[in-house]
Structure formats: C-alpha cells, structure tokens
Amino acid sequence: MTYRHLRSATLSSVAAIAVAASPALAQANAPQGDEGTATAATETTGIADIVVTAQKRAESVQDTPIAVSAIGGAALAQRGATDLTAIASTVPGLNVSEQVGQARLTLRGIGVDNISTGAESSVAFNQDGVFFSRSAAALASFYDVERVEVLRGPQGTLYGRNATGGSVNIITNRPTFNTKAGVSLTYGNYDTINAEAHYSTGLSDKVAMRLAGQIQSHSGYGENRVTGTDVDNKHSQAVRGQLLFQPTERLTILLGADYYHQKDRSNIYHYFGPAGFTASGDPVTPTGLLLGGFDPGPRNVASVRDPSNKAEFWGARADISYELSDTLSLRSLTAYRSSSFLVKSDLNPLGLDLFQIDFGETSDEYTQELQLNLDTDRNKLVVGAFYMHEKIDGFIKGPFNLLAVGGPDLFVQGFYSGGRLKTNAAAIFAQDSYSLTDALRLTLGARYSWEKKKVADQSDFNFDDLYDPAAGPRFPANRDSKTFKSFTPKIGLDFDIARDVMVYASYSKGFKAGTFNLGSTGPALDPEKVDAYEIGLKSTVLDGHLRANLSGFYYDYSDLQVGKVQGQLLVLENAAAAEIYGLEGEFTLEPVRDLIITLNASWLHSRFKNYVTADQARPAGDGTTLDENGVPAFDLSGNRLPQAPRYTIDLSAQYSFDVPGGSLTVRGESNWSDRIYFSPFNLNHVSQPAFNTQNAFVTYRTDNGLRLTGFVRNIGNETIRASGQVATTLLGSPVIGFVKPPRTYGLTIAFDY
C-alpha cells in the first residue's frame with residue numbers, strides 16, 4: 001500500500017468515526033496519594049484510565065478539555081524507553097530529534113529551528129513541575145519515570161514561558177513509605193548495556209526516601225574511516241535522590257536532587273552530500289574534497305581528529321505544599337539547574353586536520369513558582385506567580401591549524417562566535433474552570449509575562465592574523481538588552497453530551513519572547529505570537545472498550561524565529577507569518593479481553609504565508625532577487641515549516657495471555673511519516689523522505705515480579721535522518737546532519753518488589 005493510499009484510508013477512518021485519541025496509551029502506576037501521581041483505573045476490564053496534572057490539578061485525562069497524551073511508566077518500561085525519542089511516534093503531532101546534543105521538540109509544526117548556543121525551544125519542557133530552559137538536559141532525565149504528559153497546542157496561561165507549541169512534562173516516581181525496589185538490566189547488539197535501579201522506603205512514619213540511577217552504554221553505530229575509532233557510541237551515568245517529609249496531615253515537603261554525566265563520541269555531524277550547485281547543475285562541493293577522496297556513508301565519518309562529546313547536568317528542587325483547608329492549598333516550587341556541554345566535530349577538507357568545529361555551552365538557571373489552588377464543586381481555580389533567572393555562556397568556534405598544511409604550529413584565528421546571555425523573566429497567571437451546570441463548564445485564564453534579556457557577544461572571522469588563543473576574539477564585545485511583555489488569555493467551553501463523551505472548544509494565545517543570536521552581534525529578534533483555535537471530542541464508549549478522541553485546530557502564527565546558516569554563523573531571523581491547521585486522532589480499542597489495538601494519526605498543514613530570505617547555497621534563478629549582501633533571496637510563501645511532516649500514523653497491537661507461572665505479552669508497532677524538511681527552503685536533499693519503521697516486543701512476567709522482555713527496534717534497519725543543515729560556504733556548503741539509531745535488539749531482565 002502506498003503512503004498516499006495509507007494516509008487517505010487512515011484519515012478517512014478518523015473522519016468516519018468522528019472521534020479520536022487514546023490519551024492513556026498504557027497502564028499507569030497505582031495511586032500514591034498525591035496530586036503529582038498517576039492513577040490507574042481499578043476496573044478489571046476495559047481500557048485503563050490515567051490521571052494527569054496538565055492543568056496543575058489532578059484529573060482524569062479524559063476529563064481534561066485540552067489535547068493531552070499521557071504514557072504511563074509500565075508502557076515506558078516495556079518499550080525500554082531511555083529518552084523522549086522513544087515516545088515521539090506515539091503522540092500525534094510530536095516530532096523529536098537530536099542535533100549537537102540538543103533535543104529538538106516540535107508540536108504541530110512549532111518547535112526550535114535554531115541550533116546555535118543559547119537557543120530556546122518553543123515547546124516547554126518540565127520535570128516534576130520544574131521548567132528546563134536548556135533543551136540538551138531534556139534528553140538526560142528519562143529513568144524511574146511515572147508518566148509523561150504531552151500537552152499539544154499553546155499553553156500560554158498555565159505554563160507561559162516558551163510554550164508556544166505546547167509542553168512536555170515528565171513526572172518521576174515519588175518516595176513511598178512502604179518499601180519498594182527494582183532493578184533492570186538490558187543487553188543488546190552494539191555491546192549495549194543499560195542498567196536501572198530504584199529503592200524507596202519509609203525512614204519513619206513521617207519521612208520517606210527514594211534513590212534511582214541509570215547507566216547507558218553502547219559501542220558506535222558508525223566508524224571514523226580515517227582513525228578506525230567507532231562514533232555515535234554512548235556512555236552516560238545518572239542518579240536521582242528524593243526525600244519526602246510529611247510532618248502533619250496538611251504539610252508536605254519534597255526535596256530532590258539529580259546528576260547526569262556523559263562522555264563519548266556521540267552528537268557528531270555526518271555528511272549527507274552537496275547542497276550547493278553551479279548554474280550547470282554540478283555540485284560545488286565534490287565528495288572527495290570534503291572527505292579526503294571517499295564518501296564514508298551516512299553512519300560513518302572521515303576525519304583525522306576523532307570527535308568528542310561531554311555533558312554534565314545537575315539540579316535540586318524543593319517542592320512544598322500546604323493544605324489551608326479541605327478545598328484550598330498553597331504550593332511553592334523552588335529549583336536550581338546547571339548544565340554544560342562541549343561537542344567537538346571535525347569538518348576537514350581533503351582529510352586534513354585543518355578545521356575543527358567546537359560547540360560549547362554552560363548555563364545556570366534559578367526558578368521559583370507559587371501556586372494557590374481552589375478545588376470546589378463549582379470552581380477549579382489556579383492562581384500563581386513565576387520567576388526565572390538564567391545565565392548562559394556559549395560559543396561556536398572553528399580554529400584553523402596551519403600545521404596541517406606544513407605551516408608553523410600556531411593557532412591562527414579561523415572563526416568564533418559566542419558570549420553571554422542573561423535572562424530575567426517574571427509572570428503572574430490565573431485560570432478558573434467554572435461549572436455553569438453539571439454538564440457545562442467555562443474556563444477563563446490569563447497570564448501577564450515580563451522578560452528582559454541582556455547580551456554581551458563577539459564574532460570574529462579571520463585567516464590572516466596570528467593571535468594568542470587565550471586572549472579570545474579580537475573584536476570588542478557587542479552589548480545590548482531588550483525587554484519583552486505579553487498578555488496571553490484563554491477562554492474555553494466543555495460540555496458533556498453523554499456519559500463519558502465530552503466536546504470542547506477554546507481560544508488561547510501563545511508567546512515566546514524575543515532573543516539575541518548569541519555570537520552574531522546582531523539586534524534582538526521580535527517575539528513569536530500564536531492565536532490558536534481548537535475544538536475536540538473525548539469519548540469512552542462500548543462499556544470502556546473503545547476510547548476515541550479527536551482534535552482539530554487552527555493557528556495564526558506570526559514573527560516565527562527561523563534558523564539558518566549565514567556565512568559562518570548560525571543565525572535566527574523573524575519570518576513574517578505562517579498558517580497552521582490540522583486534525584489529530586488517537587484510538588484505543590479492546591475488541592476482546594487483553595487485546596489492545598491503538599491508532600494515532602495526525603494530518604498537518606503548516607505553511608509560511610509570507611517569508612523572503614537569502615540562501616547562500618544556491619545561485620540566483622528566475623524569480624529570485626538579491627539581498628543587501630548580494631546573496632540570492634527566495635520567496636518561501638507556501639513552503640512547509642521545518643520538522644513538520646504532513647501526516648504521521650502510528651499503529652500498534654498488543655495481546656496478553658496466561659502461561660505457566662505468569663503471563664506473556666506480544667506487541668508490534670508500525671510508524672509511518674511523510675517527508676520531513678529540515679529547512680524552510682524545502683529542498684529534498686535537506687530532508688528525510690517519507691519512511692516506515694517497525695518495532696516488536698515480547699514480555700514474560702512471572703507471578704513473583706520478574707520481567708523478561710525481548711525487543712527489536714527499527715526492524716528494517718532503515719537509515720533515517722534526524723536533522724540536517726547546509727554548512728558554511730567555507731567548506732562549499734555541504735549538507736551535514738544527524739541520523740537515528742540503526743536496527744537494535746536485545747533482552748531486558750527486570751525485577752520489582
């Protein structure tokens with residue numbers, strides 16, 4: 001069946017059923033008696049429910065009048081999920097990729113299109129209620145997880161900062177007073193060894209603790225063809241500790257700290273081919289010029305110097321809740337986050353040790369949030385305030401080594417861009433869901449945000465003059481600052497048209513503050529703004545054996561912050577406007593006991609309405625103009641937004657049955673995606689063509705808590721590009737980027753008690 005026929009058939013089914021969405025994609029953990037936990041339904045038949053805190057209060061995902069998907073810890077464990085990329089295909093409209101160690105999260109076509117240091121996503125990432133500004137840290141927190149919530153659409157009221165596209169919330173398991181422990185060990189191809197463990201117990205009748213840790217290790221998915229060293233390997237370690245104090249029935253204090261360390265040869269650029277072409281159609285950069293005479297293939301590299309990747313993230317939080325009365329509670333959430341990473345890649349013409357590219361960033365982030373929650377039969381009110389201070393030091397540099405071509409062993413300046421970016425942000429917000437009748441509810445919300453950014457950066461490009469590398473760039477620092485303000489309201493209605501069938505409609509506004517291109521020494525960019533309209537339906541029918549939801553949306557998106565390579569710089573610029581609309585559906589069906597079939601599908605129209613920009617990798621042609629630098633400029637009106645496939649389809653089936661001593665579960669998954677463009681120019685050679693991947697899992701559970709899972713991911717061993725870009729003209733504008741893992745298989749042994 002062709003992609004076109006498959007897409008048409010699936011979307012026709014969505015329209016015919018006129019419902020969609022199984023927000024609870026798997027079992028949730030048992031209740032732990034706190035608003036931050038998931039709760040599984042106690043029914044013995046039908047599809048399990050899951051409780052989320054997407055609106056900063058505990059409620060069933062089926063009663064939440066927004067498009068939210070939730071994946072429980074049991075499902076994550078069965079799939080061996082170790083980062084966000086493992087769940088991307090199961091959430092309609094979500095695209096997750098990695099580039100230079102940073103997570104690129106895109107929801108409904110809105111995400112991050114900037115890979116320079118200091119870049120911020122348009123999809124908020126939160127762990128246990130704490131906002132993570134650095135997208136690199138989003139890939140380092142995926143263990144001992146209770147559930148993941150993905151809120152699709154602007155979350156400008158309750159989440160505010162950088163939630164233009166939506167929010168991804170990770171909730172980890174909390175300490176328990178009864179003793180619980182578990183360990184899992186995975187061994188697979190590429191010498192994979194992944195280990196996780198947790199231990200939770202009560203230290204007294206008022207104090208409990210939890211410790212959890214993770215180790216990930218595998219050899220390289222590719223090879224450096226010059227040195228013989230493997231690349232795209234992984235070696236990381238992580239640990240998290242929590243202390244829970246309950247001195248009274250009304251007061252709860254949760255203290256937590258975590259640490260992550262990684263040192264390997266991952267997050268490196270791969271060569272995808274030439275991007276620049278002459279007027280006669282010949283490539284500007286022949287493969288042999290860049291790679292010393294041969295093409296190493298999509299998973300290998302060819303460089304004299306081995307790449308390297310180092311990352312370190314850590315943080316601490318204090319989460320204090322106090323029940324003022326049976327209906328009124330107060331919460332304070334204080335957190336500190338520190339992150340640093342350094343990625344060294346080698347883009348060397350003629351295979352010489354000539355041009356190394358280094359990406360580095362360190363940041364310190366402090367956040368404070370206060371919430372007042374009122375929960376009565378009529379009102380579900382949240383009032384709060386938020387503050388954040390962050391300091392980022394980042395750089396991208398390409399030193400030029402004359403020793404490689406027989407010159408003196410001196411450091412000659414090649415390229416440098418970097419500096420310091422400081423952010424102070426504050427906001428106040430409120431949202432109330434008021435029950436007009438037993439079946440009809442009105443939601444009103446608003447947020448006022450204030451944000452100030454200060455930058456001190458430099459940019460230097462020079463191959464002529466020698467200088468002391470310890471002195472840094474010779475150009476004086478550019479200093480600037482700018483303040484941004486916004487008001488983001490929300491209004492919504494939801495109505496129970498029947499038991500377990502709800503329809504909703506909403507209007508909301510999203511806002512992402514303007515920023516500076518750290519290292520470009522240019523002026524500040526304008527803020528992004530989104531006016532979002534959404535309608536949806538959530539339903540659980542057939543005595544709980546069919547859960548089906550549907551959401552449709554329309555966005556008016558203005559002043560998009562779009563990234564591209566300009567000369568030797570990675571820069572952002574404002575595109576004038578875009579239009580986004582689409583349909584999303586999720587279905588879960590239990591046709592017979594213990595057989596679960598899920599279908600998640602999305603159709604997305606995401607187009608620039610007016611956007612003219614220069615492309616240094618292409619010559620001028622008919623209909624093009626030249627910008628102020630004499631570079632051909634192209635009208636991109638009608639082009640699709642980056643990282644926004646027109647459709648995605650995820651189909652899975654899972655069947656469980658009893659066997660001697662326990663149960664056996666067999667699960668199969670298949671995911672289809674339309675072509676994904678990596679740049680606004682919509683060039684096929686800077687994209688990932690339409691693809692289909694499959695995964696398979698077989699799990700045996702014993703009655704005493706032992707679990708054995710055999711798995712195969714990417715069964716067809718497809719080579720799928722995760723991201724890509726056209727590199728600097730200094731190297732002839734080649735296409736470089738990152739690839740997703742090949743076929744992996746293995747066995748997981750786990751035990752819980």
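If you're wondering where the values come from, they're calculated on a predicted model, not measured in any experiment.
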Is any side-chain heavy atom of [Y] closer than 4.5 Å to one of [X]?
{"X": "Leu421", "Y": "Asp393", "answer": "no"}
{"X": "Leu370", "Y": "Leu333", "answer": "no"}
{"X": "Leu243", "Y": "Leu203", "answer": "yes"}
{"X": "Arg174", "Y": "Leu254", "answer": "yes"}
{"X": "Gln643", "Y": "Ser723", "answer": "yes"}
{"X": "Tyr322", "Y": "Ser329", "answer": "no"}
{"X": "Val301", "Y": "His270", "answer": "yes"}
{"X": "Thr483", "Y": "Trp450", "answer": "yes"}

Among pairs that include at least one residue of [range], which meet salt bridge (charged side-chain N to carboxylate O under 4.0 Å, His left out), considering only residues two or more places apart or in two chains?
{"range": "residues 230-243", "value": "Asp230-Arg265"}
{"range": "residues 335-345", "value": "Asp258-Arg337"}
{"range": "residues 124-137", "value": "Asp128-Arg317, Arg134-Glu361, Arg134-Glu390"}

Inter-residue atom distance [X].[atom1] - [Y].[atom2], 0.5 Å rounding:
{"X": "Arg447", "Y": "Leu158", "atom1": "CZ", "atom2": "CG", "value": "8.0 Å"}
{"X": "Asp559", "Y": "Leu525", "atom1": "CG", "atom2": "CG", "value": "9.0 Å"}
{"X": "Asp457", "Y": "Asn478", "atom1": "CG", "atom2": "CG", "value": "5.0 Å"}
{"X": "Leu342", "Y": "Asp358", "atom1": "CG", "atom2": "CG", "value": "6.0 Å"}
{"X": "Ser184", "Y": "Gln214", "atom1": "OG", "atom2": "CD", "value": "8.5 Å"}
{"X": "Leu251", "Y": "Gln246", "atom1": "CG", "atom2": "CD", "value": "9.0 Å"}

Has the side chain of [X] got a donor or acceptor atom that lies under 3.5 Å from a matching backbone atom of [Y]?
{"X": "Tyr557", "Y": "Ile110", "answer": "no"}
{"X": "Tyr143", "Y": "Val239", "answer": "yes"}
{"X": "Ser122", "Y": "Gly111", "answer": "yes"}
{"X": "Thr488", "Y": "Gly156", "answer": "yes"}

Assess whether atom NZ of Lys529 is packed by more than 12 heavy atoms of other residues, nucleotides or ligands within 6.0 Å. no

Please name the pair of heavy atoms, one in [X] and one in [Y], separated by the smallest distance, quoted to 0.1 Å.
{"X": "Asp526", "Y": "Gln561", "answer": "O-NE2, 3.2 Å"}
{"X": "Ala238", "Y": "Tyr260", "answer": "CB-CD1, 3.8 Å"}
{"X": "Gln155", "Y": "Gly153", "answer": "NE2-O, 2.9 Å"}
{"X": "Val148", "Y": "Ile170", "answer": "CG2-CG1, 4.3 Å"}
{"X": "Ala644", "Y": "Ile676", "answer": "N-CG2, 4.4 Å"}
{"X": "Val123", "Y": "Val168", "answer": "CG1-CG2, 4.1 Å"}

Pairing residues for [X] by the salt bridge (Lys or Arg N to Asp or Glu O under 4.0 Å) criterion, not counting sequence neighbours:
{"X": "Asp319", "answer": "Arg331"}
{"X": "Arg479", "answer": "none"}
{"X": "Asp144", "answer": "Arg210"}
{"X": "Glu369", "answer": "Lys56"}

For the pair Val530 and Phe511, evaluate side-chain contact (heavy atoms from CB on, under 4.5 Å) and give the outcome as yes or no after the intermediate values. CA-CA 7 Å; Val530 176; Phe511 168 84; over 6 Å; no

Expected list for residues 422-430: side-chain donor-acceptor pairs under 3.5 angstrom, two or more places apart:
{"from": "Thr423", "atom 1": "OG1", "to": "Lys453", "atom 2": "NZ", "distance (Å)": "3.1"}
{"from": "Asn424", "atom 1": "OD1", "to": "Tyr387", "atom 2": "OH", "distance (Å)": "3.0"}
{"from": "Asn424", "atom 1": "OD1", "to": "His389", "atom 2": "ND1", "distance (Å)": "2.9"}

Residues [X] and [Y]: side-chain donor-acceptor under 3.5 angstrom:
{"X": "Glu312", "Y": "His261", "value": "no"}
{"X": "Gln242", "Y": "Ser200", "value": "no"}
{"X": "Gln262", "Y": "Asp264", "value": "yes"}
{"X": "Tyr269", "Y": "Gln725", "value": "yes"}
{"X": "Ser339", "Y": "Ser363", "value": "yes"}
{"X": "Ser558", "Y": "Glu528", "value": "no"}

Residues forming a side chain to side chain contact (heavy atoms under 4.5 Å, CB included) with Ala67, sequence neighbours excluded: Arg108, Arg152, Tyr504, Glu534, Ser551

Ala124 meets the side chain to side chain contact (heavy atoms under 4.5 Å, CB included) criterion, sequence neighbours left out, with Asn126, Phe131, Ala163, Ser167

Steps toward side-chain contact (heavy atoms from CB on, under 4.5 Å) verdict (Val150, Leu107): CA-CA 9 Å; Val150 181; Leu107 276 168; 3.9 Å; yes

Counterpart residues, ring pair (Phe, Tyr, Trp, His ring centres under 6.0 Å), relative to Tyr555 (two or more places apart): Phe553

Of all residues at least two apart in sequence or in a different chain, which pass the ring pair (Phe, Tyr, Trp, His ring centres under 6.0 Å) check with Phe125? Phe132

Any salt bridge between Glu365 and Lys391, counting N to O under 4.0 Å? no

Any salt bridge between Arg161 and Glu451, counting N to O under 4.0 Å? yes

Apply side-chain contact (heavy atoms from CB on, under 4.5 Å) to the pair Leu84 and Leu105, showing each step before the final yes or no. CA-CA 9 Å; Leu84 282 174; Leu105 307 177; 4.0 Å; yes

Would Trp314 and Tyr336 count as a ring pair (Phe, Tyr, Trp, His ring centres under 6.0 Å) here? Give the steps. CA-CA 9 Å; Trp314 66 274; Tyr336 172 79; 5.3 Å; yes

List the steps and the verdict of side-chain contact (heavy atoms from CB on, under 4.5 Å) for Arg57 and Val52. CA-CA 8 Å; Arg57 65 174 184 268; Val52 298; over 6 Å; no

